[in-house]
Amino acid sequence: MKGKFITVEGVEGVGKSTNVAFIYEFLRQREMPVIATREPGGTPFAEELRNILLRSRDEPVDDCAELLLMFAARSQHLNTVILPALQRGEWVLCDRFTDATFAYQGAGRGMSLDVIANLEAIVQQGLQPDLTIVLDLDVDIGLQRVRKRGQLDRFESQQLAFFKRVRKSYLDRMANAPERCFLVDASQPLELVQRDIIKLLERLL
Ligand code: TMP
């Protein structure tokens with residue numbers, strides 16, 4: 001792989017979109033060839049799966065069905081967008097990736113981490129991000145921000161305890177992959193958050 005693969009993670013309301021846009025502009029200004037994408041989604045087919053996954057509905061969604069659809073979307077995204085871009089030498093900036101599956105489907109829903117690791121191995125065949133930035137913020141603050149935005153999707157309408165498990169999972173995963181996963185304190189003023197992000201990006205440049 002010639003390009004670098006950067007993922008950005010965090011519980012809802014941590015400021016992911018703002019900071020993904022900031023990273024994209026930062027890399028563009030340094031004339032790095034970069035594409036910005038997201039999960040679930042990133043291709044027309046995977047975006048359809050995203051809509052299915054996020055839409056609130058009356059029918060309870062089976063946890064295993066949700067997990068498999070996350071990886072179905074990821075397989076499509078990886079093979080048609082991410083890997084070709086990395087092979088062309090482009091940088092790929094992805095809003096969420098498999099750490100989110102461990103956090104939401106694993107810690108949040110209670111699906112087996114071994115099952116998730118097996119699906120990860122099948123779909124990714126060893127590919128891991130070069131850098132994962134975990135934006136960390138008190139869950140209550142993040143959820144207050146999300147609730148102000150309006151209509152909640154199927155994930156955003158989960159209970160506080162769900163998001164507390166998600167946050168803890170991100171923190172645990174960072175301890176397990178310290179070579180690629182780094183925490184940024186998202187409760188700081190935005191300039192300081194972005195200063196910390198720049199320091200992490202400079203390790204790759
Ligand atoms: P977002 O892109 O606005 O953060 O919304 C995506 C939602 O999908 C978010 O609530 C987290 C959830 N999600 C999972 O549950 N598992 C995953 O593997 C991914 C990528 C996202």
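For the atom pair CZ (Arg88) and NZ (Lys2), the distance works out to 10.0 Å, reported to the nearest 0.5 Å. Distance check: Leu143 CG to Phe162 CZ gives 10.5 Å after rounding to the nearest 0.5 Å. The CG atom of Asp136 sits 11.0 Å away from the OH atom of Tyr170 when rounded to the nearest 0.5 Å. Atom-to-atom distance recorded for Thr132:OG1 and Met174:CE is 10.5 Å, nearest 0.5 angstrom. How far CD1 of Ile197 is from CG of Leu131: 9.5 Å, rounded to the nearest 0.5 Å. Note that CG of Asp130 is 9.5 Å distant from OG1 of Thr7, once rounded to the nearest 0.5 Å.
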Go through the steps to decide whether Ile82 and Glu39 satisfy the test side chain to side chain contact (heavy atoms under 4.5 Å, CB included), and finish with yes or no. CA-CA 11 Å; Ile82 298 177; Glu39 290 217 344; 4.3 Å; yes
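Between Pro40 and Leu54 there is a side-chain heavy-atom pair separated by less than 4.5 Å. Considering only heavy atoms from C-beta on, Ile6 comes within 4.5 Å of Leu27 through its side chain. Contact annotation: the side chain of Val134 never approaches that of Asp99 to less than 4.5 Å [non-hydrogen atoms, C-beta and beyond].
Hydrophobic clustering (side-chain heavy atoms under 4.5 Å, transitive across Ile, Leu, Val, Met, Phe, Trp, Tyr) keeps Leu183 apart from Phe22. In this structure, Ile35 is not a member of the same hydrophobic cluster as Val8, with clusters built from ILVMFWY side-chain heavy atoms closer than 4.5 Å. Under a hydrophobic-cluster definition in which Ile, Leu, Val, Met, Phe, Trp and Tyr are linked whenever side-chain heavy atoms come within less than 4.5 Å, directly or via other members, Tyr104 and Leu152 are assigned to different clusters. Leu135 and Leu171 fall into different hydrophobic clusters, defined by Ile, Leu, Val, Met, Phe, Trp and Tyr side-chain heavy atoms under 4.5 Å apart, directly or through other members. Connection of Leu67 to Leu113 is established within a shared hydrophobic cluster, with ILVMFWY side chains joined at heavy-atom distances below 4.5 Å, either directly or through further cluster members.
Of the residues Lys168, Arg167, Gln144, the one that meets the side chain to side chain contact (heavy atoms under 4.5 Å, CB included) test with Val139 is Arg167. Checked options Asp95, Ile198, Ile133; the residue passing with Ile23 is Ile133 (criterion: side chain to side chain contact (heavy atoms under 4.5 Å, CB included)).
Residues Ser169 and Ala103 come closest through the heavy atom pair OG-CA, 3.2 Å. For Val14 against Arg145, the heavy-atom pair with the smallest separation is C-NH1, 3.8 Å. Closest of all the heavy-atom pairs between Val20 and Leu93 is O-CD2, 3.4 Å. For the pair Ser157 and Ser56, the tightest heavy-atom approach, listed with the atom from each and the gap, is OG-OG, 4.1 Å. Considering every non-hydrogen atom in both His77 and Cys94, the closest pair reads CE1-SG, 3.8 Å. Of all non-hydrogen atoms in Lys4 and Leu204, the two that sit nearest each other are CE-O, 4.1 Å.
The number of heavy atoms from other shown groups lying within 6.0 Å of CD (Glu31) does not exceed 12.
Screening residues 193-205 for side-chain hydrogen bond (donor to acceptor under 3.5 Å, both in side chains), with sequence neighbours left out, gives Asn19-Gln194, Gln188-Asp196.
Panel note: side chain Glu9, backbone Phe97; a donor-acceptor pair is recorded below 3.5 Å. Of the possible polar contacts, one joining the Arg96 side chain to the Gly10 backbone as a donor-acceptor pair under 3.5 Å is found.
A donor atom on one side chain and an acceptor atom on the other are not found under 3.5 Å apart for Gln76 and Glu47. Thr101 and Arg74 share a side-chain donor-acceptor pair at under 3.5 Å.
Look at Glu59 and Arg57 and you find no salt bridge, because none of the NZ, NE, NH1 or NH2 atoms lies under 4.0 Å from a carboxylate O. For the pair Arg154 and Glu66, the salt-bridge criterion is met [side-chain N within less than 4.0 Å of a carboxylate O].
With sequence neighbours left out, Arg165 forms a side-chain hydrogen bond (donor to acceptor under 3.5 Å, both in side chains) with no residue at all.
The hydrophobic cluster containing Ile122, built from Ile/Leu/Val/Met/Phe/Trp/Tyr side-chain heavy atoms closer than 4.5 Å, comprises no other residue.
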